[in-house]
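Shown next, in structure tokens, is the structure this report addresses.
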Amino acid sequence: MALHEERVLVGLLRKGMFVSRLDRDWVGTPFPFQGFFIETDAQLELLAAWCTSVFVDVERGPGPDPQAVEALETGPSGLPRGGKPWVDTADLLEELPRALAVRDEVHALASRLIGDVREGRQLSGAEVREAMEHMVGSLLRNADAMFWLVGLMKRDDYAYSHAVNCSALATALGRQLALPREVLVELATGGLLLDIGKARVPETLFNHHRPLSTEGRRRIQSHVEEGLRTIEAAGIGGTWVREMIAGHHERHDGGGYPRGQKGLEIPLAGRIGALADTYDALTSSRPHKRAVSRHEALQTIYRAGNQLFQGELVEQFMQALGVYPTGSLVELSTGQVGIVMAQNQARRLRPRVMLLLTADKERYQPFRDVDLMTVADERGGPVTIVAALEPGAYGLNPSDLYLT
């Protein structure tokens, strides 16, 4: 007798369902090959640890909640539609202490993971899962708090900070797309481990200032395959994690690698990973390139819409981060200089700003927190952002200003 199956995200599973297939091979998992009924919370937790989605037999048990399934239906653009938007449940100052603890936890974890791979040790899936739950929880309560703190983090090692930043960026875009929490945890995990395979490639190749040989390019590109092998050996993640790592160097026009996929052939997770990876690379200083402002990075990505990146997804990415993303160094119409602290959802061009310099470019003592939605200039007119500044402008390095 043929099964009547439906695919269900693990976050939407409930007791009484009959699991007939996984999103991976049964071999190596703790589940019975013939399928099973979900009867306990422990089974739900175990499924979440091993899979992103499973197939349930709707003849033998209940199917998914139609309202929950609607959140993952996609339109012609291949983007989800119908999901319930996430809204902040904490204000910036309330979330900052919790976000700081999460940022430090994830940064320390990224450091350990990269070290483990370099030394040939296996990653801890349980440790990754716990940290990513914390990351997602903070970003759902208030995304600005995490991006404010990430922007102030010393970038002492690109690999570590890139892992933290890509995790937060991928989660923020998934939040903008109203994806379920379980998927956001997968996106956070994929972002954290996006370049984990680079730890198996000689570091000298990534700091090469001259054109690489064909073999050098091949070795660098092999970090995608190495990353997939690494997470597979550790039993980390499900479909979204694998698809993000596999697809973050694919490009909309088919010019990426390793498979040369194009358009909607690239899974959504891969398209999200590509944006997170590119944006953070553009805004990070490395031996062979200088960082650009967050605003300029978004403009660069926007210009590449429908060429390197899917245009509709780029628009959602910009909505998620804002015109002047949190952490941006900006100059105001008054001549003052500050750093964007938080977005105003109603007026994206008038965010909340921490003022660092006066109009005469003297440092405020102490720094001043202003909301451009409410503050006025000397004539009673609105105060606006007139320029996004490059990192280090006026000698300002946010990580040295003790703004936390």
Side-chain angles (χ1 to χ4, degrees), residues 7 9 23-24 52-53 72-83 162 165-167 169-174 176-179 183-184 186-187 189-191 193-198 201 206 211-212 214-229 231-232 237-283 296-321:
R7 184 171 179 168
L9 284 165
D23 62 0
R24 55 181 297 162
T52 297
S53 61
L72 286 181
E73 290 183 351
T74 58
S77 66
L79 300 184
R81 62 183 180 186
H162 187 62
N165 296 343
C166 286
S167 180
L169 289 164
T171 305
L173 180 49
Q176 171 68 26
L177 295 173
L179 292 171
V183 174
L184 298 185
E186 289 279 334
L187 294 179
T189 304
L193 302 175
L194 206 60
D195 283 336
I196 195 67
K198 286 184 177 181
V201 178
F206 296 101
L212 287 165
T214 300
E215 176 59 19
R217 287 195 299 272
R218 187 197 67 77
R219 288 290 288 122
I220 282 182
Q221 292 180 3
S222 73
H223 80 272
V224 174
E225 183 181 344
E226 294 286 1
L228 291 170
R229 276 202 289 262
I231 65 166
E232 183 68 24
T239 302
W240 290 79
V241 176
R242 292 194 296 273
E243 289 180 344
M244 181 180 284
I245 293 173
H248 74 282
H249 282 294
E250 301 290 356
R251 292 296 180 259
H252 189 72
D253 61 5
Y257 67 86
R259 299 179 63 187
Q261 294 175 310
K262 61 183 179 180
L264 299 186
E265 293 174 1
I266 307 169
L268 178 56
R271 286 175 269 151
I272 290 174
L275 288 172
D277 181 55
T278 301
Y279 174 83
D280 189 65
L282 289 171
T283 56
E296 184 179 341
L298 280 182
Q299 294 306 305
T300 298
I301 288 172
Y302 180 76
R303 289 192 292 270
N306 289 325
Q307 299 174 44
L308 303 182
F309 311 103
Q310 181 189 10
E312 296 92 341
L313 191 60
V314 169
E315 292 176 5
Q316 292 297 316
F317 190 56
M318 297 182 73
Q319 286 290 320
L321 298 187

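Values in this document were obtained by computation on a predicted structure and should not be read as measured data.
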Next on the checklist: I'd like to know if Glu226 pairs up with Arg229 as an ion pair, taking the criterion as any Lys NZ or Arg NE/NH1/NH2 lying under 4.0 Å from an Asp or Glu carboxylate oxygen.
Outcome noted: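 Salt bridge: yes.
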
- [ ] Answer yes or no: is there an ion pair linking Glu215 with Arg218, defined by an N-O contact shorter than 4.0 Å?
- [x]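 Salt bridge flag = yes for Arg218 with Glu215.
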
query = Who are the ring pair (Phe, Tyr, Trp, His ring centres under 6.0 Å) partners of Tyr257, not counting sequence neighbours?
reply =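 Ring pair (Phe, Tyr, Trp, His ring centres under 6.0 Å) check on Tyr257 returns His249.
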
Write down the atom of [X], the atom of [Y], and the distance for their closest heavy-atom approach.
{"X": "Leu187", "Y": "Gly174", "answer": "CD1-CA, 3.8 Å"}
{"X": "Ala170", "Y": "Met244", "answer": "CB-CE, 3.8 Å"}
{"X": "Thr283", "Y": "Ala297", "answer": "CG2-CB, 3.6 Å"}
{"X": "Ile196", "Y": "Gly227", "answer": "CG2-CA, 3.8 Å"}
{"X": "Ala246", "Y": "Pro258", "answer": "O-CD, 3.6 Å"}
{"X": "Leu179", "Y": "Pro80", "answer": "CD2-CG, 3.5 Å"}

Subject >> Neighbour count >12 (heavy atoms, 6.0 Å) for atom CZ, Arg219 >> reply: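 Enclosed: over 12 neighbouring heavy atoms sit under 6.0 Å from CZ of Arg219.
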
Main chain of Glu250, side chain of Gln261: is a donor-acceptor contact present, judged purely on distance under 3.5 Å?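 Flag not set: sc Gln261 to bb Glu250 has no pair under 3.5 Å.
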
Any donor and acceptor pair, going by atom type alone, linking the side chain of Asp280 with main-chain N or O of Asn165 inside 3.5 Å?
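Answer holds: no.
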
Hey, could you give me the [atom1]/[atom2] distance between [X] and [Y], rounded to the nearest 0.5 Å?
{"X": "Glu225", "Y": "Leu228", "atom1": "CD", "atom2": "CG", "result": "8.0 Å"}
{"X": "Glu186", "Y": "Arg242", "atom1": "CD", "atom2": "CZ", "result": "8.5 Å"}
{"X": "Leu298", "Y": "Arg303", "atom1": "CG", "atom2": "CZ", "result": "10.5 Å"}
{"X": "Leu169", "Y": "Ile272", "atom1": "CG", "atom2": "CD1", "result": "11.5 Å"}
{"X": "Asp195", "Y": "Cys166", "atom1": "CG", "atom2": "SG", "result": "7.0 Å"}
{"X": "Ile231", "Y": "Thr189", "atom1": "CD1", "atom2": "OG1", "result": "9.5 Å"}

Taking the six-membered ring where the residue is Trp, are the ring centres of Tyr279 and Phe317 under 6.0 Å apart?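 Ring centroids of Tyr279 and Phe317 are less than 6.0 Å from each other.
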
List in chain and number order the residues that pass side-chain contact (heavy atoms from CB on, under 4.5 Å) with Glu243, two or more places apart in sequence or in another chain; answer none if no residue qualifies.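 Counting only residues at least two positions away or on another chain, Glu243 forms a side-chain contact (heavy atoms from CB on, under 4.5 Å) with Thr239, Pro267, Ala269.
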
Close side-chain approach of [X] to [Y], heavy-atom, < 4.5 Å:
{"X": "Arg251", "Y": "Thr278", "result": "yes"}
{"X": "Leu173", "Y": "Leu321", "result": "no"}
{"X": "Leu264", "Y": "Arg271", "result": "yes"}
{"X": "Leu282", "Y": "Ile301", "result": "yes"}

| Taking atom types as modelled and ignoring hydrogens, do the side chains of Asp277 and His248 form a donor-acceptor contact shorter than 3.5 angstrom? |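 Short answer, no.
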
> Does the side chain of Gln316 come under 3.5 Å of the side chain of Gln176 through a donor N or O and an acceptor N or O?
Replying inline: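 Looking only at side-chain atoms, Gln176 and Gln316 do form a donor-acceptor pair, the distance falling under 3.5 Å.
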
field: Test log, rule side chain to side chain contact (heavy atoms under 4.5 Å, CB included), inputs Ile220 and Arg217
entry: CA-CA 5 Å; Ile220 282 182; Arg217 287 195 299 272; 5.7 Å; no

Restricting to side chain to side chain donor-acceptor pair (under 3.5 Å), what partner residues turn up for His252, sequence neighbours left out?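 Testing His252 for side chain to side chain donor-acceptor pair (under 3.5 Å), a comparison that skips the adjacent residues, returns none.
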
